[in-house]
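Some notes on the structure that comes next.
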Amino acid sequence: MTSGIRILAVCAIGSAMFAGSAFADTSGKKIAFSNNYAGNSWRQAMLKSYDIVTKKAVADKVVAAADVFTTADKDVPTQAAQIQNLILQGYDAIVINASSPDALNGAVKQACDAGIVVVSFDGIVTEPCAYRVVVDFKAMGTQEVTEMAKFQPKGGNLLEIRGLAGTSIDDAIHAGILEGVKAHPEFKIVSSVTGDWDQTTAQKAVATVLPSLPDVIGVVDQGGDGYGAAQAFAAAGKPRPTIIMGNRQDELQWWKEQKAKDGYKTWSASIAPGVSTLAFWVAQQVLDGNKTIPHDLLVPYLAFTQDNFETELPNIPNGGVASHEYTQAEAIAAIKANMK
């Protein structure tokens, strides 16, 4: 576990005493996971982490079921219909990675009114009855520009690569980047493209706009875009910019190669895909009768610097993302930490 991942497992030490305290029996409870998108490496890692933890929870009879449902498209109406179907199927809790922060609120309210616990994470919902496992994505976006200023102190033109349109994550990181640029007026965003947090999509989008852009000295993005952006700049014969990374294996491997070649410097940050397992345990704890859980739980994003990214790289599978799966004890400790 890297130093960054230790932060995610906040207050895990000494938490075992809390894990054993149960208020009710959840062995007969069913939890569903409504996921709106699986088309990039982060989402695949998220689903893998969720599968690892929930299969064990079912095998250990902590819960009766932890089924996953991923929509066939990225549309809000499809996910809303999916949630309504899960209500009819009698699930006791629904964990959601939402396609919109507010457009799903009607379906979420229906679930709450039916006595179903709803926990959103990553792509959160704003319906008050739902629980939210929240990362300060806006702060992460602002920090990207702060870090960029260290590598490019004279400033210059930036290319922004946005994520999945309509999601709370995309909106928050974009707002943070704009705030960062306002604080560092030496930078100017000269173009913004949509990359869906996927390196192939990002590469195509960047390649499309590069011929019409002035010289770009930096790329700010949302994760999963860095390697694709690097490939697009190389293919266009453009000077290599400073590209903020998103903890993906292909990005960090490229960073390592560039660092070895000429000392290339950058910064990397993302939410750990295993936050899906924290959302699962929050749902389980609410079902268990834990009344102390706040509706908004703040967890830190995971960042790597010039000094420590190479230590983490061997731990990330090819095509994967730096992550961490939460245990029940770690989840309860994180809940307790948010009560302070």
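Please read all numbers here as calculations on a predicted model, not as lab measurements. Index from 1, following the sequence.
Screening residues 69-123 for disulfide bond (SG atoms under 2.5 Å apart) gives Cys112-Cys129 as the qualifying pairs, with residues at least two apart or on separate chains. Residue pairs that meet the salt bridge (Lys or Arg N to Asp or Glu O under 4.0 Å) test with at least one member in residues 139-149, sequence neighbours left out, are Glu147-Lys150. For residues 190-207, every residue pair satisfying the salt bridge (Lys or Arg N to Asp or Glu O under 4.0 Å) rule, not counting sequence neighbours, is listed here: Lys74-Asp196. Applying the salt bridge (Lys or Arg N to Asp or Glu O under 4.0 Å) test to residues at least two apart or on different chains, the pairs with a partner in residues 229-247 are Arg240-Asp262. Pairs of residues two or more places apart, or lying in two chains, that qualify as salt bridge (Lys or Arg N to Asp or Glu O under 4.0 Å) and include a residue from residues 116-125 are Arg43-Asp122.
One N or O on the side chain of Glu251 and one on the backbone of Arg248 form a donor-acceptor pair closer than 3.5 Å. Under the 3.5 Å distance criterion, the side-chain polar atoms of Gln306 are matched with a main-chain donor or acceptor of Thr266. Panel note: side chain His295, backbone Ala130; a donor-acceptor pair is recorded below 3.5 Å. With hydrogens and angles ignored, the 3.5 Å screen pairs no side-chain donor or acceptor of Glu127 with any backbone N or O of Val108. No donor-acceptor pair under 3.5 Å is formed between the side chain of Asn157 and the backbone N or O of Val190. Counting only distance, with no hydrogens or angles, the side chain of Asn290 and the backbone of Gln285 share no donor-acceptor pair below 3.5 Å. Side-chain N or O atoms of Asp225 include one that pairs as donor or acceptor with a backbone N or O of Gly223 at under 3.5 Å. Between the Asn97 side chain and the Gly123 main chain, a donor and an acceptor come within less than 3.5 Å of each other. Of the possible polar contacts, one joining the Trp281 side chain to the Tyr326 backbone as a donor-acceptor pair under 3.5 Å is found. Panel note: side chain Trp197, backbone Arg162; no donor-acceptor pair is recorded below 3.5 Å.
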Next item on the list: Show your working on salt bridge (charged side-chain N to carboxylate O under 4.0 Å, His left out) between Arg132 and Asp296 and close with a plain yes or no.
Entry: CA-CA 5 Å; Arg132 286 162 289 279; Asp296 293 281; 2.7 Å; yes
Checklist line | Intermediate values then yes/no, side chain to side chain contact (heavy atoms under 4.5 Å, CB included), Lys138 and Ile173 | finding: CA-CA 5 Å; Lys138 184 177 180 181; Ile173 296 175; over 6 Å; no
Margin query: Run the side chain to side chain contact (heavy atoms under 4.5 Å, CB included) test on Ile161 and Val220 for me, step by step, so that the C-alpha distance in whole Å, both residues' side-chain angles and the decisive distance to 0.1 Å come before the verdict.
Written below: CA-CA 6 Å; Ile161 307 177; Val220 286; over 6 Å; no
Check: Step by step, would you call Thr277 with Glu325 a side-chain hydrogen bond (donor to acceptor under 3.5 Å, both in side chains)?
Finding: CA-CA 6 Å; Thr277 64; Glu325 284 92 38; over 6 Å; no
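Considering only residues two or more places apart in sequence or on other chains, Glu310 meets the side-chain contact (heavy atoms from CB on, under 4.5 Å) condition with Lys256, Lys259. Under the side-chain hydrogen bond (donor to acceptor under 3.5 Å, both in side chains) criterion, Gln199 pairs with no residue, sequence neighbours left out. Listed by chain and number, the residues in a side-chain hydrogen bond (donor to acceptor under 3.5 Å, both in side chains) with Ser99 are Gln79 (sequence neighbours excluded). For Asn318, the side-chain hydrogen bond (donor to acceptor under 3.5 Å, both in side chains) partners two or more places apart in sequence, or in a different chain, are Gln249. Partners of Phe33 under the ring pair (Phe, Tyr, Trp, His ring centres under 6.0 Å) rule, at least two apart in sequence or in another chain, are Tyr50, Phe121. Not a single ring pair (Phe, Tyr, Trp, His ring centres under 6.0 Å) links Phe137 to another residue, sequence neighbours left out.
Pairing each heavy atom of Gly195 with each of Thr201, the nearest pair is O-CB, 3.3 Å.
Just one of Trp254, Phe151, Trp255 meets the ring pair (Phe, Tyr, Trp, His ring centres under 6.0 Å) condition when paired with Tyr264; it is Trp254.
Sparse packing is recorded around NZ of Lys29, with 12 or fewer heavy atoms of other residues, nucleotides or ligands lying under 6.0 Å away. With a 6.0 Å radius and a threshold of 12 heavy atoms from other residues, nucleotides or ligands, Asp113 has its CG atom above the threshold.
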Between side-chain atoms of residues 58-72 and protein atoms elsewhere (two or more places apart, or another chain), which donor-acceptor pairs fall under 3.5 Å?
| unit_1 | atom_1 | unit_2 | atom_2 | d |
| --- | --- | --- | --- | --- |
| Asp60 | OD2 | Lys56 | NZ | 2.6 |
| Asp67 | OD2 | Tyr91 | OH | 2.6 |
| Thr70 | OG1 | Asn35 | ND2 | 3.2 |
| Thr71 | OG1 | Asn36 | O | 3.0 |
| Thr71 | OG1 | Asp73 | O | 2.6 |

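Looking at Ile177 and Glu160, their side chains come closer than 4.5 Å, going by heavy atoms from C-beta outward. No side-chain heavy atom of Val118 sits less than 4.5 Å from a side-chain heavy atom of Tyr131.
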